[in-house]
Amino acid sequence: MLNPILANLLTEPVGVSHYVLVGAFMFTCGVLCMATKRNALGILMGIELVLNGANLNFIAFGSRYLRNDANTLGLDGQLISLFVIVLAAAEAAVALAIVLNFYNNNDSVDVDRADQLSG
Amino acid sequence: MDPSWLPRLLALAWLTPLASFVLILFFGKRMGPHGKLAGLVATSAIVFAAVCSFAALFTVWLPNHPVKDASHHGEHHEEGETHAAVTAPIHLIAAASDDSHDSHGHGEGGEAAHAEGDGHSGHANNGPDGYPSYYGTWYDLYPGADDSGPLGSLKLSISYYIDALTVGMFCMVALIASCVHFYAMGYMHDELHDFTDPEVTLSNGEKLKRPGRYYRFFQYLSLFCFSMFGIVIAGNIAMVFVFWELVGICSYFLIGFYIERHSASTAANKAFIVNRVGDFGMLIGLMALWSSLGTFAFGDLTNADGEVVEQGMFSLLRTEENYYHLQPTEGMAYEGSRFSDSAAADGEGEAEESSNKAGWWLLLVAGVGIFCGCVGKSAQFPLHVWLPDAMEGPTPVSALVHSATMVAAGVYLVGRFFPVLSPEALLVVAYIGCITLLIAATIAITATDIKRVLAYSTVSQLGYMMLALGLGAWVAGMFHLITHAFFKSLLFMCSGSVIHGVHTNDMTEMGGLRKKMPITAYTMLVGCLAIIGAGIPLTKIGFSGYYSKDAIIEQAFSFGSSNPAHVLLQWAPVGGAFITAFYMFRLWYMTFAGKPRNQERYDHAHESPQVMTAPLILLAVFAIGVGWNFPGTDLGVTNLLDQARPVGTLATTQGEILTGLTIPSEPDSHEWEFKKPAGIAAFFTAAAGLLLATLVYWWDKGLNPSELREFGPFKPIHNFLWNKWWFDELYDLIFVKPTKAVSAFIAWFDRNIIDTIIHAIAAICRGISVIFGSVLDNKVVNGFVDGVAKGTWDTGLSFRKLQTGSVRQYVMFIAVGTILLFVAISFVQNI
Amino acid sequence: MAAFLSEYTWTWLAYIIAAMIHVGLIINLVAVAALVFIWLERKISGRIQDRLGPTRVGGKFGWLQTLADGLKLITKEDLCPDGADRFLFKIAPYVSFCAAIGAFIAIPFAGGAYPWIAQHLNTGVFFVLAVLGLEVFGVILAGYSSASKWSLFGAMREAAQVVSYEVPLGMCVVVPVMIAGSLDMVVIGDQQAGWFTNWLVFHDPFTFITAFVYFTCAMASVNRAPFDLAEAESELVAGFHTEYSGLRWSFFFMAEYGSMFSVSILASVLFFGGWNGPVPITDLLGLSGAEVGTLSWAVAQALGLANVLLKGLLGVCLMIWVRWTLPRLRIDQVMTTCLKYCTPIAAAMFLGATLWQYNFPGRAFFNLIPMSDAVLEVSEGWEVESNDPDEEEEQIARGPEETGGLL
Amino acid sequence: MDSIYWPSFFFWLFSGVACTFALGVLLSKNIVRMAFYLVISLASTSGLFFLAGADFVGAMQLMIYVGGTLVLLIFGVMLTSQDRFVEMRTSSGEWVIAFFIGLMLFFTLGRAAFGVAAWKGLDRETAEAVEVERTVTPLAMGLLGARVDQLDEPDAAKREGMSGYLFHFEIVSVHLLVVLIGAAYLARAKRKTGSVAANA
């Protein structure tokens, strides 16, 4: 009973859908990470996961192994994901600087203590 | 070298002073102590320019256009004219000159003047390209094709028009400017440290003490040279105008160099304002030309194949079909006739006739207009009053202004514009020149300021040049411009040297200085001999002035013989020669000969340093020899200038409006018929002047000048001349006083009547606005705005609960929002 | 499941066995190399300090000393301190070791059309650098999880040092990559075929300097003295591995020697000709070229392998020499060396090499000097076929396979 | 039945690792462990990139992302090594809400992933026939403004638009510079005059 399914999974090439699914999972993990972590660095990690999930989609849409028709993004997908990676690095730098500043001011990295702007 | 190097070399010579100017402008203060290096920078720039100019002359121009002896013109002309009398209605054949010039390689401009196949004359067949010129543009501002540019058909360009005159002027200006620069490096050394101006007394009784402005002086000199080069190389009249004004502003800067002296700043203002008066006329001429011809350019613009793309001013007015005779274009006739209604009313033939006449009138207006500018710049009567005052500038400036740059610009422009000037306009030029020549010469007799004598002498000599040009002696006029530049700069530098030595301008405090400063004395003697035209009459031996002045007088005799009505023009130069000789030697004797009149000054006098005397000697050599041909060749200034003679101006021409007027052909004047009486008259008048001066001012046993001054009949004359014909007072009475009165009235009107009206309006406005402010603004507008603000505030209060300040909740909001969005989209899609 | 397995047993097995052989080769290479290097280090340091070093174990030179050490380490107790994060503490050495070994996946040992390389990656240089950068993870994890301040200090020092030194290291690597026009290490190595004048270190003055800067940065990034702040004995006991003992400690050690080896091989491929000896023996013997037989090819490749290993060995020896010659730097001196000297110099060299490429496209320094015909013939590999832009574009369009991977 | 298609095998391997450790990041409470899991997750993702033929991006991912996370890790250690900060608990109510919202989000995204027929994947013959494509040079050229991979594009109008990413590249470069300076400014050490005085 299990064999055909397992065999199909292993003998047939995967498609864009699978990549997108993995991307969706990582994305969801990232969002939840951002939503549940009180540690500012945890939130940053959530952001990294979110960006990574999105990146996976770009790569999947651009790959010729997954979907060989005229509608692939081609190199554009890879280029965009490159930009995402670079900008993510920049974002991480700024975010870390902010976290450091926050730590200096509050002696903590608990984001729940950053609620001075509440209405 | 290839002729295409001409514009490059000359542009290099032109732009180097600009570079020096910019350099000194930005870094002048930092160039050594008190900007000492600035002098070196400027001097090396101008020397480089001189090298470029001479390279252009000797390595490009002369190999391509070897000069020929111009004295054959007369024969050619005669032959041509007899021919033309039979076959051609207008005797223009003589435009064809030397058939020995190679008929190719004349670059952009030379080919334009090609008359072939008309069969009238053997000379004409060879084409009149003995007068090579190059025209081209470097840069077009708004080069709109088919009038599509933002300025319509107006085409402003940076272009060049290069002929032998341009090259010659470049060499002359660069050479003299170089000498002046060297000289100034010595003369201006006072400015190298803090300078105490002895002529400016402050309110506390002390003399003004200020930092030296050495570098600034050279900065202005560089700009001055750049501007002058710009005028000379300019290929269109608009560009000329731009550089014309630049020259004006430079002279303003330099004359007012000692700006703290009241007299200097006044003189600078005077020079500038008087020049503006002339420039106004020039603008009128410019507009008249442009509106009727549609171009500012001098030469024809050709493409790579040598075809004419755009016709310039000269070829439009002197067309090939018309045998290069001056003829107003149809556009000119049309523009001119717009101002004379009679053309429409008369019969058809007459209308044509009258519109043609109108064209000539317009041409006259344009010519006289342009000449107005030259009157201002070259200090011709009635605008000559600024030049003597310009003595307030440092002496090197005077030397430059009086010889190579400022005043030369006016004469140069008349020369450049010569083909456009109608015979009537030329007559105006001639009379203005003649009057200037006599007035200035007479004033020079009584002046005692050494530089002032020279200044009036300059005005007088400029009158000579204008007279020559007006009489049709183009080559003679330009030749005199060049020779005069050399000996006048020499004279000025000598006077500067004297002033440097005795620290005064007043000749009544000098005397006997030749023993103290021999180099200055004898170089100045050379200058004096050159300016009076010393030479052996009827031969070819003499100082440079001898050639040019005799040529002018010959033309005057030639003119006089064909126009008996204008006899004044024939004898004025002769009389001028007498007066010139008198006041020049009066100057020399008073300064260098006799006994010292002020012993203290005499004792302190000393010869100037070498950096000042070396240019003197160099210029003295030029003052002697610039009129000569190179031994054994035809290479000389006259023959070079002859190459530049505008096409079609060689012929004898008749006036169209003044039909009796004849402008004789210049080469005719070199005929023995005119040469003999002219030469003899010039020699003997000059000799008489010289003798009289000797009698009065040197020979102790001769006449005593102070007695003469008090002698009955001479007293009012002396008074009259001493006061410079009361020109300044006259202008003050005619122009300044009425202007002041009118402005006083206008000021009163402004203050009392217009101000009252405005105050009343303001009061009314204020009353109205008070009413509106209290009612409309406070109640209606503010009420509305406050209501909106309150609404926003209340809404904000109710929404503020949503902003929890917790980042993590915001993330949740985003996620929920995304999900909702998805749900909403799927609903929409399913519907 | 059983049916599925039985049906495809052989393919399963074939793949796994092949993979195992590769893995075994590489791991053993690193392990054996580490053994040799440790012995070498002891011998060389002994000589430098005027003593003998190990002399007894395994006979004359003490060449089995390391093996004996290893046996001792295996038998030691695997300690885990109280208060440590046990999971991270245990896994940290493997992270370092995996990173050090992982780099060898993309390192070629012989070039040519069929290079000896575990995985021929298009972006080989990049991959190697990236994987080498992962090694520091293990160090930080170890330092953190040990719950010892000495370890933590060591780990943080190492982190700061490695992160900083990756910048000049990357810049130095980019220089030969730019000159070769490829990230593929096989391509880079093959371009240096011929005489030693074709080596990239002699390509121009800038690459010459770059090679030295690279070596300095490489030493710093693998924490060798004089940059071994992370384990500075005089200050931090033993740095990040203070709390480790036994086999886990030896993994750190192997990782260190493995990465020393890999950066040395990287240096040899990038700058010193890789598998091409100073003299093109294979060319002179007729062993290379398209028409040679399999045996000749194998001999040539083996020679290449020997070259690579020898150069790597030399590099490691150099590091050992430096370690026992120079005193250790302070941490601020280390950072100064990186940020104030190595980075600007590397940037300047990069700029200079770019300008060189611009001015003398495809010309090496020695190609500028007139040379004898024989040398020129061999160095033809350097000549760019054409400067015609159309043709170049065509080459780009055709892709790297057809143009011999130059692009 | 066919033999095993190895890329699929590796896909499942890598994606399994990536997802597991992503979940680990989410569930772990220790910041250093989270960072460690994140590294593994990201490294596995780079494996997925390699599988999809994006080898340059994969290497970039390894180098930059993983390096960036390394810095995160360092900060985590530096800022939270005091015990009270290592674990910051979130209330379980929040966890429940987050779990449900996350489930809904994942469901929506997953449904979208399998909602398009063309995303189903190739059949095996086609997939095996896909030529190996080298992407480094085209990528670099693309970043420099020339799209060499689009030379075969038949539609000239489309080809006009594909002018590469030079401008974006420049913007990103400048952006990075600005970020560097900005980060250095934000994180600079503040001069605490008060504490110095107190110590004195």
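Heavy atoms only: backbone and side chains are in, while hydrogens, waters and symmetry mates are out. Each chain gets a letter, A, B and so on, in the order the sequences are listed, and its residues count up from 1. As the structure is a computational prediction, the values presented were derived from the model and not from experiment.
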Report summary line: Checked D:G102, D:G53, D:C19, D:A18 vs chain A; the most non-hydrogen pairs under 4.5 Å come from D:C19
**Report entry** Minimum side-chain heavy-atom gap A:N52-A:V84 below 4.5 Å
**Finding:** no
Query raised in the report: Is it the side chain or the backbone of A:L79 that comes within 4.5 Å of chain D heavy atoms, both, or neither?
Result: both
Report task. Check whether D:P7 gets within reach of chain A through its side chain, its backbone, both or neither, counting any heavy atom under 4.5 Å. Result -> neither
Query - Residue part contacting chain A, namely of D:S28, when any heavy atom lies under 4.5 Å - result: backbone
Query - D:L143, part contacting chain A, at a heavy-atom distance under 4.5 Å - result: both
Query raised in the report: Among A:G46, A:G15, A:S17, which residue forms the greatest number of heavy-atom pairs with chain D at distances under 4.5 Å?
Result: A:S17
Query raised in the report: Out of D:L109, D:V178, D:I97, which one racks up the most heavy-atom pairs below 4.5 Å with chain A?
Result: D:L109
Query raised in the report: Distance-only, no hydrogens or angles: does the D:S46 side chain make a donor-acceptor pair with backbone N or O of D:A43 under 3.5 Å?
Result: yes
Query - Contact leader toward chain D among A:L87, A:L56, A:I98, where contacts are heavy-atom pairs under 4.5 Å - result: A:L56
Query - Contact winner vs chain D - A:N55, A:V22, A:L32, heavy-atom pairs under 4.5 Å - result: A:L32
Query raised in the report: By a 4.5 Å heavy-atom criterion (distance strictly below it), what part of A:Y19 contacts chain D: side chain, backbone, both, or neither?
Result: both
**Report entry** Side chain / backbone / both / neither for A:A93 at chain D, heavy atoms under 4.5 Å
**Finding:** both
**Report entry** Which atoms of D:Y185 approach chain A - backbone, side chain, both or neither, heavy atom under 4.5 Å
**Finding:** neither
**Report entry** Atom group of A:V86 that falls short of 4.5 Å from chain D, counting heavy atoms
**Finding:** both
Report task. Select one option (side chain, backbone, both, neither) describing which atoms of D:F11 are under 4.5 Å from chain A's heavy atoms. Result -> side chain
Report summary line: Applying a strict 4.5 Å limit to non-hydrogen atoms, the region of A:F25 in contact with chain D is both
Query raised in the report: Can you say whether the rings of A:F83 and D:H168 are parallel (under 30°), tilted (30 to 60°) or perpendicular (over 60°)?
Result: tilted
Query - Proximal component of D:L180, with respect to chain A [non-hydrogen, under 4.5 Å] - result: neither
